[in-house]
Amino acid sequence: MCKEECKSEEMKYRLAEAVKVCMKTTSVEKITVKEIVDACGTTRQTFYRHFQDKYDLVNWYFDKILLESFEHMGEGETIYEGLVKKFQYIQKEKLFFKMAFKSDDQNCLRDHDFELILAFYLDRIQEKSGNPLSEDLKFLLEMYCQGSIYMTVQWVFGRVKRTPEELAADLVKAMPEELAGVFERLDLL
């Protein structure tokens, strides 16, 4: 990575830290770009050089956290182990997730999470099987991913009392049987 890319990445992380500071006292919907740049000690021009809006920043940071957790869901690890890692990361960033999940705007984290998780599972299945998922199984996977996100949000808000391990086990048990069979055949379950 060249110096310019490193500086850009560093600034993005600084802006992410600033939005997390703002989230301690204000909901995402009410945080302004001015508040973010003031907390970061930079300018609006710098912010807009890196992000379209505050939701783009939140989604970028969320992607970074997910990429870290998805690295653990790689070859040789099960869905359960990957989910545990994901929930451990979420626990470390609980305030960020709690505030971000409160947002119901068009570009919200829940929708973004769904797109990323669905793509992750579809890629894993295609990578392991060499074939795309049938439309019927894709429907089941989409339902499963939506339910998984819903329960994750409930857990983040404290409405579901589970350890990361317990929540992961519950989500694996809740997987539709036909879909679970696909994951088992591919040594992912």
Cluster link L95 to Y89, ILVMFWY, side chain under 4.5 Å: yes
Verify same cluster id: V21, V58 (apolar side-chain graph, 4.5 Å): no
Let me confirm one number: the [atom1]-[atom2] distance from [X] to [Y], rounded to the nearest 0.5 Å.
X	Y	atom1	atom2	result
T78	L188	OG1	CG	8.5 Å
T43	R49	OG1	CZ	6.5 Å
D56	K12	CG	NZ	8.5 Å
Y61	F51	OH	CZ	11.5 Å
M23	I36	CE	CD1	8.0 Å

Steps toward side chain to side chain contact (heavy atoms under 4.5 Å, CB included) verdict (V153, V156): CA-CA 5 Å; V153 170; V156 166; 5.6 Å; no
Can you list every pair that meets salt bridge (Lys or Arg N to Asp or Glu O under 4.0 Å) and has a residue in [range], with sequence neighbours left out?
range	result
residues 143-169	R162-D170
residues 88-97	K20-E93
residues 36-47	K34-D38

Going by the rule side chain to side chain contact (heavy atoms under 4.5 Å, CB included), which residues pair with [X] if we only count those two or more places apart in sequence or in a different chain?
X	answer
E10	none
M151	V160, L171
M11	R14, L15, C40, T42, T46, H50

Looking only at heavy atoms, which two atoms of [X] and [Y] are closest? And how far apart?
X	Y	answer
V84	A168	CG2-CB, 3.5 Å
W60	E9	CZ2-OE2, 3.7 Å
I79	V172	CG2-CG2, 4.3 Å

Test applied, side chain to side chain contact (heavy atoms under 4.5 Å, CB included); reference residue, P164; option that passes from Q91, K85, K86: Q91
Verdict with supporting geometry, F87 and I90, side chain to side chain contact (heavy atoms under 4.5 Å, CB included): CA-CA 5 Å; F87 297 139; I90 289 173; 4.1 Å; yes
Short N-O contact, K54 and E35, less than 4.0 angstrom: no
Audit row: L133, L122, side chain to side chain contact (heavy atoms under 4.5 Å, CB included) steps and yes/no: CA-CA 7 Å; L133 205 55; L122 288 171; 3.9 Å; yes
Any side-chain heavy-atom pair of L118 and L141 under 4.5 Å: yes
Pairwise side-chain contact, L57 with F47, heavy-atom cut-off 4.5 Å (strictly under): yes
For Y144, ring pair (Phe, Tyr, Trp, His ring centres under 6.0 Å) partners two or more places apart: none
Y150 atom OH: more than 12 heavy-atom contacts under 6.0 Å: no
Residues, nucleotides or ligands: over 12 heavy atoms within 6.0 Å of Y48 OH: yes
Any pair counted as ring pair (Phe, Tyr, Trp, His ring centres under 6.0 Å), so long as it reaches residues 165-186, sequence neighbours left out: Y121-F183
